[in-house]
Amino acid sequence: MSAYLPDSGRALAAAAAIVVTALALALLVTRMRRARLARTAAWALALAALAAADRVTAAQPPGFRMLVLIASLFYAMKAVASVEAAAGDGTRLGGWRWIAFATLWPGMRPALFARLEPRRPRAWPLVLAGMTHLAVGLALFGLARVAWHRTGSALVASVALLPALSLLLHFGVFGVAAGLWRLAGVDTAPPFRAPWRATSLGEFWGRRWNVAFSEMTASVLYRPLARAAGRRAALLASFVLSGLLHEAAISLPVGAGFGGPLAYFAIHGLLMTIEEERGPFGRWGTLAAIVAPLPLLFHPPFLRGVVWPLLT
């Protein structure tokens, strides 16, 4: 776990300052009334927050770097999504409500927080499902640790560890958060929705895996570019953007493996264009397309620097 601990209190304070500053500036950007200026400021903030987080954590362990880089970029992208929502449907959240949306919900649709209603239905089932995923994730995490210490095989341990981390965060924490926000009157839904049921890449990326991210990409890039350059160009550009953001979250923290995450998403952009022309790949074809190139996404430097230290 030392990969996730800063080397000093000063380093922790500096990183915290970067993250808090990114959040504060993101809020200020959402207050801008001129759409073009706000859009420019939001994207400039995303680049500046990433650069500042990278510089401040340059000498820190990879896991800690990853958390700071992701947090800083995440808050900046909240500003990007909020600016597009304001320009599109006029959604503007009050200050405290926006902060709740930015810090306590992984989704990128501020409109969900614009209207609160009395306790919404299906809240407790989401909480219970999330808790179940947390329990299964913890069990798999324990299994991964046993495999690591008894066999010494990183491959065997990773087979259990990577799904465990996804169950804990994507399906566990985010699922519980969706249920709790529904209890508070927000019309939230889990952003990860039984992806194993997908029978096409379009269904997987568009309606089941990280729906929050796909909705953000659609609003900030796909729809505007589709009108100007056509659907195919917009689709490929959306996957390139996804690849670049994953480079920042996966390759940049360890300073190696660059190009792998971008290649993974570029491949899927090309596969999506093939699928649109020839029809869905089917459940097994979709699963193979997702899993086979995963070593590009979770490359060895990332595994060594960020994932495997969780087992020690």
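The shortest non-hydrogen separation linking L73 to A248 is CD2-CB, 4.1 Å. Closest approach of L235 to G269, counting heavy atoms only: CD2-O, 4.2 Å. Here the closest heavy-atom approach between residue A49 and residue A76 is recorded as CB-CB, 4.4 Å. When all heavy atoms of L23 and A102 are compared, the closest pair comes out as CD1-CB, 4.0 Å. Listed here is the closest heavy atom pair of P253 and L69: CG-CD1, 3.8 Å. Considering all non-hydrogen atoms of both residues, L221 and A237 come closest at CD2-O, 3.4 Å.
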Next item on the list: Just do the side chain to side chain contact (heavy atoms under 4.5 Å, CB included) check on F74 and M108 with the steps written out, would you?
Entry: CA-CA 10 Å; F74 178 72; M108 291 286 179; 3.7 Å; yes

Next item on the list: For side chain to side chain contact (heavy atoms under 4.5 Å, CB included), just list the numbers for M66 and I70, CA-CA rounded to whole Å, side-chain angles, deciding distance to a tenth of an Å, and then say yes or no.
Entry: CA-CA 6 Å; M66 180 190 71; I70 289 176; 3.6 Å; yes

Check: Please walk me through it: do V173 and L168 pass side chain to side chain contact (heavy atoms under 4.5 Å, CB included)?
Finding: CA-CA 6 Å; V173 173; L168 287 169; 5.8 Å; no

Note to self: Assess the residue pair F281 and L271 against the criterion (side chain to side chain contact (heavy atoms under 4.5 Å, CB included)); give the C-alpha distance rounded to whole Å, side-chain angles, the decisive distance to 0.1 Å, and a yes or no.
What the structure shows: CA-CA 9 Å; F281 290 117; L271 290 176; 4.2 Å; yes

Notebook entry, point to check: Do W148 and T312 pass the side chain to side chain donor-acceptor pair (under 3.5 Å) test, and can you show the C-alpha distance, the side-chain angles, and the key distance before you say yes or no?
Noted result: CA-CA 8 Å; W148 176 269; T312 58; over 6 Å; no

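Between T30 and L27, some side-chain heavy-atom pair lies under the 4.5 Å cut-off. T21 has its side chain within reach of L25: a pair of non-hydrogen atoms, C-beta onward, lies under 4.5 Å apart. Using a 4.5 Å heavy-atom threshold, the side chains of L50 and L252 count as touching. Side-chain contact between P191 and W105 is present, with at least one heavy-atom pair separated by less than 4.5 Å. Annotation: side chain of V68 is in contact with side chain of V19 (closest heavy-atom distance under 4.5 Å). Residues R283 and R197 meet the side-chain proximity criterion, which asks for heavy atoms closer than 4.5 Å. The side-chain heavy atoms of F171 and P190, taken from C-beta on, include no pair separated by under 4.5 Å. Taking 4.5 Å as the limit, some side-chain heavy atom of L296 sits within range of a side-chain heavy atom of I267.
Under a 3.5 Å cut-off, the side chain of K78 and the backbone N or O of F101 do form a donor-acceptor pair. Formation of a donor-acceptor pair under 3.5 Å by the H299 side chain with backbone atoms of L294 is not found in this model. Between the side chain of R182 and the main chain of P121, a donor-acceptor pair closer than 3.5 Å is present. Q60 places no side-chain N or O within donor-acceptor distance of the main-chain N or O of A11, the cut-off being under 3.5 Å. Checking side-chain atoms of R223 against main-chain N and O of V220 turns up no donor-acceptor pair under 3.5 Å. A donor-acceptor distance shorter than 3.5 angstrom exists from the side chain of T286 to the backbone of S200, with no hydrogens or angles considered. Here the side chain of E247 pairs a donor or acceptor atom with the backbone of G259 at under 3.5 angstrom. Proximity of a side-chain donor or acceptor of S219 to a complementary backbone N or O of E84 within less than 3.5 Å is not detected. Here the side chain of Y264 pairs a donor or acceptor atom with the backbone of I290 at under 3.5 angstrom.
Side-chain contact, W205 with S242: no donor N or O sits under 3.5 Å from an acceptor N or O. Remark: the E203 side chain and the T199 side chain contain an N/O donor-acceptor pair separated by less than 3.5 Å. With 3.5 Å as the limit, one finds a donor-acceptor pair spanning the side chains of W98 and S82.
Of the inter-residue distances, the one linking L297 atom CG with L262 atom CG reads 11.0 Å to the nearest 0.5 angstrom. Here CZ of R231 is found 11.0 Å from OG1 of T273. Values are rounded to the nearest 0.5 Å. Here the OH atom belonging to Y222 is positioned 12.0 Å from the OG1 atom belonging to T217, to the nearest 0.5 angstrom. Note that CZ of F141 and CG of L310 are 5.5 Å apart. Values are rounded to the nearest 0.5 Å. Taking CG from L161 and CG from L143, the interatomic distance works out to 10.5 Å, rounded to the nearest 0.5 Å. Once rounded to the nearest 0.5 Å, the distance linking CE of M77 with CG of L45 reads 10.0 Å.
Each of L241 and V83 belongs to its own hydrophobic cluster when Ile, Leu, Val, Met, Phe, Trp and Tyr are linked at side-chain heavy-atom distances under 4.5 angstrom. One hydrophobic cluster, built from ILVMFWY side chains closer than 4.5 Å, holds both L303 and I250. L134 is connected to L167 through a chain of hydrophobic side-chain contacts under 4.5 Å among Ile, Leu, Val, Met, Phe, Trp and Tyr, so both are in one cluster. Both W308 and V254 belong to a common hydrophobic cluster when Ile, Leu, Val, Met, Phe, Trp and Tyr are linked at side-chain heavy-atom distances under 4.5 angstrom. Under the 4.5 Å side-chain contact rule for hydrophobic residues, L311 and V146 do not share a cluster.
Electrostatic pairing of E117 and R120 counts as a salt bridge here, judged by a charged N lying under 4.0 Å from a carboxylate O. A salt bridge does not link E276 with R232: every distance from a Lys NZ or Arg NE/NH1/NH2 to an Asp or Glu carboxylate oxygen is 4.0 Å or more. Salt bridge status for D54 with R65: present, with a side-chain N to carboxylate O gap under 4.0 Å.
For Y4 and F64, the ring centers sit 6.0 Å or farther from each other.
Residue W284 places its CH2 atom among 12 or fewer non-hydrogen atoms of other residues, nucleotides or ligands, all under 6.0 Å distant.
Using the six-membered ring where Trp is involved, W209 and F192 have ring planes that are perpendicular, over 60° apart on the 30 and 60° scheme. In this structure, F265 and H246 have tilted ring planes: the angle between them lies in the 30° to 60° band. Classification of the H170-F174 ring pair by plane angle, with boundaries at 30° and 60°, yields tilted.
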